[in-house]
Amino acid sequence: MWMDLYRFTHDSLGMHFWEVPALIMGVVTLVELIVHSRKQKKREEKFEEEREEKLETLRQTAGGDTTASV
């Protein structure tokens with residue numbers, strides 16, 4: 001069985017037996033990188049929106065307090 005797989009990969013595909021798992025892992029790693037970067041971008045956008053909202057409320061609160069004390 002293993003010898004048949006070896007012959008198939010080596011003769012038919014023109015690559016060594018160990019290159020098939022390495023190729024599969026390379027593709028899996030690339031997919032993980034793409035998915036992670038897209039999710040990270042969404043998290044960063046959400047964080048920026050929340051940060052802007054909090055800063056705006058702090059500005060309104062601070063602005064209202066300063067006018068009352070002056």
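Since the model is a prediction, treat every value here as computed from it, not as a measurement.
- Distance check, rounded to the nearest 0.5 Å: CZ of F47 to CD of E52 gives 10.0 Å.
- Between R51 and E48 there is a salt bridge, with a side-chain nitrogen of the basic residue lying less than 4.0 Å from a carboxylate oxygen of the acidic one.
- For the pair L33 and T29, the minimum side-chain heavy-atom distance is 4.5 Å or more.
- The line from CD of E32 to CE of M25 is 7.0 Å long, rounded to the nearest 0.5 Å.
- With sequence neighbours excluded, the residues satisfying salt bridge (Lys or Arg N to Asp or Glu O under 4.0 Å) with E56 are R59.
- Between K42 and K39 there is no side-chain heavy-atom pair separated by less than 4.5 Å.
- Other residues, nucleotides and ligands contribute at most 12 non-hydrogen atoms within 6.0 Å of the CZ atom of R38.
- Tracing side-chain contacts under 4.5 Å through hydrophobic residues (I, L, V, M, F, W, Y), one never reaches I24 starting from I34; they form parts of separate clusters.
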